[in-house]
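Below is one structure, written out as structure tokens; comments come after it.
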Amino acid sequence: MNYIEILKDNGLLRVIDKPVDIDLEIAHASYIEVKKDDSKALLFTNPVCKKSGRKFAPVLTNIFGSFEATKLIFGVEPDAVADEISALLKPKKPKNFSEKLNFASYLFGMRKIFTKRLSGEGECQQVKFKGDEVDLFSLPVLKTWELDGGAFITMGQVYTQSLDGELQNLGMYRLQIYDKNRLGMHWQIHKDGANFFNEYKRAGKKMPVSVAIGGDPLYIWCGQAPLPKGIFELLLYGFIRKSPAKLVKSLTNEIYVPHDADFVIEGFVDTDKTELEGPFGDHTGFYTPIEPFPVMEVTAITHKREPIFHATVVGKPPLEDKYMGWATGRIFLPLLKTTVPELIDYDMPENGVFHNLILAKLEVLYPGHAKQAMHAFWGVGQMSFVKHAVFVDESAPALTDYANFSEFVLNRLGVKSLLITEGVCDQLDHASPNACFGGKLGIDATEDFSEGEIRLISDEELLAKFQDIDKDVLELRQFMTHTKCPICVIKYAKNRRIKFAFEELLALKEHFKLLVFVGMENYLENPYMLVWRVTNNIDAQRDVYYTKSGTICIDATPKSKLDGYTREWPKQTDCTREVVDSLIERGIVENDEKLFNKFEIFG
């Protein structure tokens, strides 16, 4: 299928024929577009590099840039896929001969989920460059953010296999261009690609890797799907498509790749070599630090005769991963229920950037059930990276009705609601004191743990009282004041640990229940972005304080040595205003100040 034509026919594609630079311009235009209520995929037919004067093949961004586009790519409602998975996990016994035949026919059809290896070459190999002909700079690889360490491939399908060739894996990792034939491999330590890498390293062998770009966009989604370890992600492709993924062998290594990919980059990773990678503005909305990662030595680049380069943009939410994550959440609900059978539903709010915040609804069977379920979540696959989990019972509003859901939780919140523990976290998380390991917070709102009452006063009155105690309290705003536990957010000029400021402000505890301290970079009138920063910036073991009387404090300020934090606190991803102004002048981006302010495009 031609998914570009499908999007175009459904009014979900915008074609930009004007020259647009692969250095910041394409990424900034895509970043702003996907934040619109009516966002579209963007096809840049005239990408250029102003520095080198080069022109490139067309670039497609935001292909998953709306719910409608995501459904069209799947060809089926994600909930229908989830229902089929659920039926497989809990098959019903056929009641008669007709049902037995139908079930047998269904099982026979399941053979189509397995990949099919084709003989000969594929569309992806119509044009070939090997050895000295290889030039990664011939590809329209985007530089997204001004402080990025270079250009990164962001929608590469990274195909690897185990040392014995028995297991295959498809992952989606960022890939930095170092020079014409060297490509970075950002394997996080918990990924299957990294596990295979360790096998090759122990054996003292180079690891074959092939990176596909483009082709059926469902490959991309499968590459980030949280499947159990050892299951090849393209089996899920076959399950959804009801047709096997058709693969061809790479020209210079043993890896098989989709026959219809637009580009394929082949090579080997020398397991004894690393290269400093980054910084890179990532999907958390912050830059990741410069760290050593493996490097792929490119042996061939192949592509279709008329290829299209697929790319995505990461940074502050909402972005394309909002829609990819929505589909993932729906489809994998049945698998989570195998671990927590009483789970009714779950949701990952976009401004919690998925691993930072999860909301879950549970059929509560006994006291402590929610806290048990939290531990189960934190022990399962990619759910183990979730930092903050909020559990409610069946009486709660819909998980996606965020206003009423928040009211429900705040009317039950108390110190006894809190479960603070520790465990693994995403390698991109910057708030934890140690990379890949830190604090976790669970909130049990399946029963009423609220304690006592407070005497509300106006923001102005409370600010004045606070400033009488602490002049570093600069601004204050109270949210959800109609609940038992209003949220009081303080913008703070920090020059000491927040714990000490909190202890002093407890003199006024009759006026507040939950204090949230934020840094100078925040706008208190923007709760969407406040949630994004708070969930990014806290490590529950270090940054959550509470008293026996039921007052809770959260320190969501940037951390430093003052807090015992020895890592470098990252900058956030902000658009370069001059670039956006140029895009506005040329009619590529609309000058929408309301949208710019809502999502803090410029910080």
Side-chain angles (χ1 to χ4, degrees), residues 110-125 128 130-131 134 153 156-173 175 181-213 215-216 218-239 241 243-261 263-274 293-302 381:
M110 285 291 286
R111 75 192 192 285
K112 294 179 181 178
I113 73 172
F114 297 101
T115 59
K116 183 177 181 180
R117 292 185 172 185
L118 306 179
S119 60
E121 297 180 351
E123 295 174 59
C124 62
Q125 295 162 330
K128 311 175 186 68
K130 295 182 183 178
V134 164
I153 296 173
Q157 307 156 35
V158 181
Y159 292 89
T160 55
Q161 65 182 27
S162 58
L163 181 63
D164 61 10
E166 293 296 314
L167 299 176
Q168 291 81 46
N169 181 255
L170 163 58
M172 187 175 169
Y173 322 117
L175 312 166
N181 63 353
R182 292 191 313 132
L183 185 65
M185 287 282 132
H186 188 96
W187 282 317
Q188 296 184 33
I189 60 173
H190 52 269
K191 300 292 188 181
D192 282 348
N195 294 330
F196 290 167
F197 172 85
N198 291 331
E199 289 182 10
Y200 284 89
K201 187 173 180 63
R202 286 192 295 269
K205 293 184 177 181
K206 289 188 176 182
M207 176 179 176
V209 180
S210 288
V211 178
I213 298 166
D216 189 332
L218 191 60
Y219 301 140
I220 297 165
W221 178 82
C222 289
Q224 55 80 59
L227 285 171
K229 185 177 179 180
I231 296 180
F232 189 22
E233 287 74 10
L234 287 187
L235 297 180
L236 182 58
Y237 173 94
F239 183 81
R241 283 279 181 263
S243 177
K246 299 178 178 65
L247 310 179
V248 293
K249 182 184 170 299
S250 298
L251 301 181
T252 58
N253 65 32
E254 298 302 313
I255 303 294
Y256 278 75
V257 295
H259 75 108
D260 59 338
F263 293 88
V264 177
I265 304 169
E266 305 174 9
F268 294 84
V269 170
D270 186 333
T271 56
D272 290 327
K273 294 180 181 178
T274 60
F293 279 92
V295 179
M296 173 181 173
E297 296 165 352
V298 179
T299 51
I301 296 176
T302 68

Go through the steps for Glu297 and Asn181 under the test side-chain contact (heavy atoms from CB on, under 4.5 Å), then give the verdict. CA-CA 6 Å; Glu297 296 165 352; Asn181 63 353; over 6 Å; no
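- Once rounded to the nearest 0.5 Å, the distance linking CD of Gln161 with CD of Glu166 reads 9.5 Å.
- Once rounded to the nearest 0.5 Å, the distance linking OG1 of Thr302 with CZ of Phe263 reads 9.5 Å.
- Remark: the backbone N or O of Lys205 is not paired with any side-chain donor or acceptor of Lys201 at under 3.5 angstrom.
- Lys128 NZ: more than 12 foreign heavy atoms inside a 6.0 Å radius.
- Looking at Asn253 and Ser210, their side chains do bring a donor and an acceptor atom within 3.5 Å of each other.
- Of the possible polar contacts, none joining the Gln125 side chain to the Gly120 backbone as a donor-acceptor pair under 3.5 Å is found.
- Side-chain contact check for Leu247 versus Pro258: some heavy-atom pair is nearer than 4.5 Å.
- Annotation for Cys124 and Val257: closest pair SG-CG2, 4.3 Å, computed over non-hydrogen atoms.
- Considering OH of Tyr159 and CZ of Phe232, their distance stands at 6.0 Å, rounded to 0.5 Å.
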Assess whether side-chain contact (heavy atoms from CB on, under 4.5 Å) is satisfied between Leu251 and Glu266, documenting all intermediate values. CA-CA 8 Å; Leu251 301 181; Glu266 305 174 9; 3.7 Å; yes
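- When ring centroids are compared, His186 and Tyr173 stay outside the 6.0 Å threshold.
- For the pair Leu175/Met296, no side-chain contact is recorded, criterion being any heavy-atom separation below 4.5 Å from C-beta on.
- Using a 4.5 Å cut-off on side-chain heavy atoms (C-beta onward), Asn169 and Glu233 make contact.
- Closest heavy-atom contact between Ala225 and Leu236: CB-CD2, 3.8 Å.
- Using cut-offs of 30° and 60° on the angle between ring planes, the pair Trp187 and Phe197 is tilted.
- Between Ile213 and Gly156 the shortest heavy-atom distance is CG1-CA, 4.3 Å.
- Judged purely by atom type and a 3.5 angstrom limit, Gln168 uses its side chain to pair as donor or acceptor with the backbone of Gly165.
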Quick one: do Arg241 and Asp216 satisfy side-chain contact (heavy atoms from CB on, under 4.5 Å)? Show the steps, please. CA-CA 11 Å; Arg241 283 279 181 263; Asp216 189 332; 3.0 Å; yes
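- Between Tyr219 and Tyr237, the ring center distance clears the sub-6.0 Å criterion.
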List the steps, then state whether side-chain contact (heavy atoms from CB on, under 4.5 Å) holds for Val209 with Leu183. CA-CA 11 Å; Val209 180; Leu183 185 65; over 6 Å; no
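- Nearest heavy atom pair, residue Val298 against residue Val134, reads CG1-CG1, 3.6 Å.
- Residues Thr274 and Val295 share a closest heavy-atom pair of C-CG2, 4.1 Å.
- The structure places CD1 of Ile255 at 8.5 Å from CZ of Phe268, a figure rounded to the nearest 0.5 Å.
- Closest approach of Leu234 and Ala245 over heavy atoms only: CD1-CB, 4.0 Å.
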